[in-house]
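Notes follow the structure.
Position 1 is the first residue of the sequence, and the numbers go up from there.
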Amino acid sequence: MQYGSMSHDFTGRKIKKKAPKGEVYQKYSGPGYKAKATTPATFRRDDGVTYESVDSDGINTAMPEKKTYTGTLVKGIATMHKSNAVPIIDQEQATDIANMRRN
């Protein structure tokens, strides 16, 4: 019967390990490491493939235009519930959201 520990008995004394019965096998060690034959890496094909997105000289680092809001579509921002900000496009939306908050 075991009392909470596999290596100690119920009084706290260490249990001696018993010698194994029968034939004892050694730890298996597989075949040693053998390196594979290496071949030169061919990760790039130069078969004359051209891409339209790349200039002929291979440099395409033009900075894109910054996107800025002109202020013509959205009239304002309303709050539907707690901190849920909703963009207002026209007067009809503004009255609808105002009615939703009050009803």
Side-chain angles (χ1 to χ4, degrees):
M1 181 183 281
Q2 296 296 326
Y3 292 96
S5 175
M6 298 293 286
S7 59
H8 294 81
D9 65 0
F10 67 96
T11 62
R13 284 189 240 153
K14 191 163 184 174
I15 299 173
K16 282 188 176 179
K17 303 228 183 228
K18 296 179 180 171
K21 295 178 184 176
E23 191 173 355
V24 178
Y25 296 97
Q26 295 296 321
K27 184 176 180 181
Y28 173 76
S29 60
Y33 174 75
K34 188 186 335 178
K36 288 186 174 182
T38 58
T39 58
T42 57
F43 57 88
R44 182 175 176 160
R45 292 188 319 200
D46 288 330
D47 8 349
V49 179
T50 58
Y51 298 99
E52 294 176 10
S53 62
V54 179
D55 294 338
S56 61
D57 59 353
I59 300 172
N60 187 10
T61 59
M63 187 173 185
E65 290 185 27
K66 295 202 178 207
K67 297 176 184 172
T68 57
Y69 180 67
T70 59
T72 57
L73 179 65
V74 177
K75 304 294 183 201
I77 298 173
T79 305
M80 293 221 10
H81 181 267
K82 292 189 178 180
S83 61
N84 183 14
V86 180
I88 301 294
I89 296 175
D90 56 1
Q91 184 63 32
E92 185 180 337
Q93 277 188 342
T95 55
D96 288 345
I97 291 174
N99 290 335
M100 280 188 234
R101 284 197 59 132
R102 289 180 178 82
N103 289 335

_Can you list everything that forms a side chain to side chain contact (heavy atoms under 4.5 Å, CB included) with I77? Sequence neighbours excluded, please._
A85

Could you list the donor-acceptor pairs under 3.5 angstrom formed between side-chain atoms of residues 13-29 and any protein atom two or more places apart in sequence or on another chain?
none

*To the nearest 0.5 Å, how far apart are CG in D90 and CG in L73?*
9.5 Å

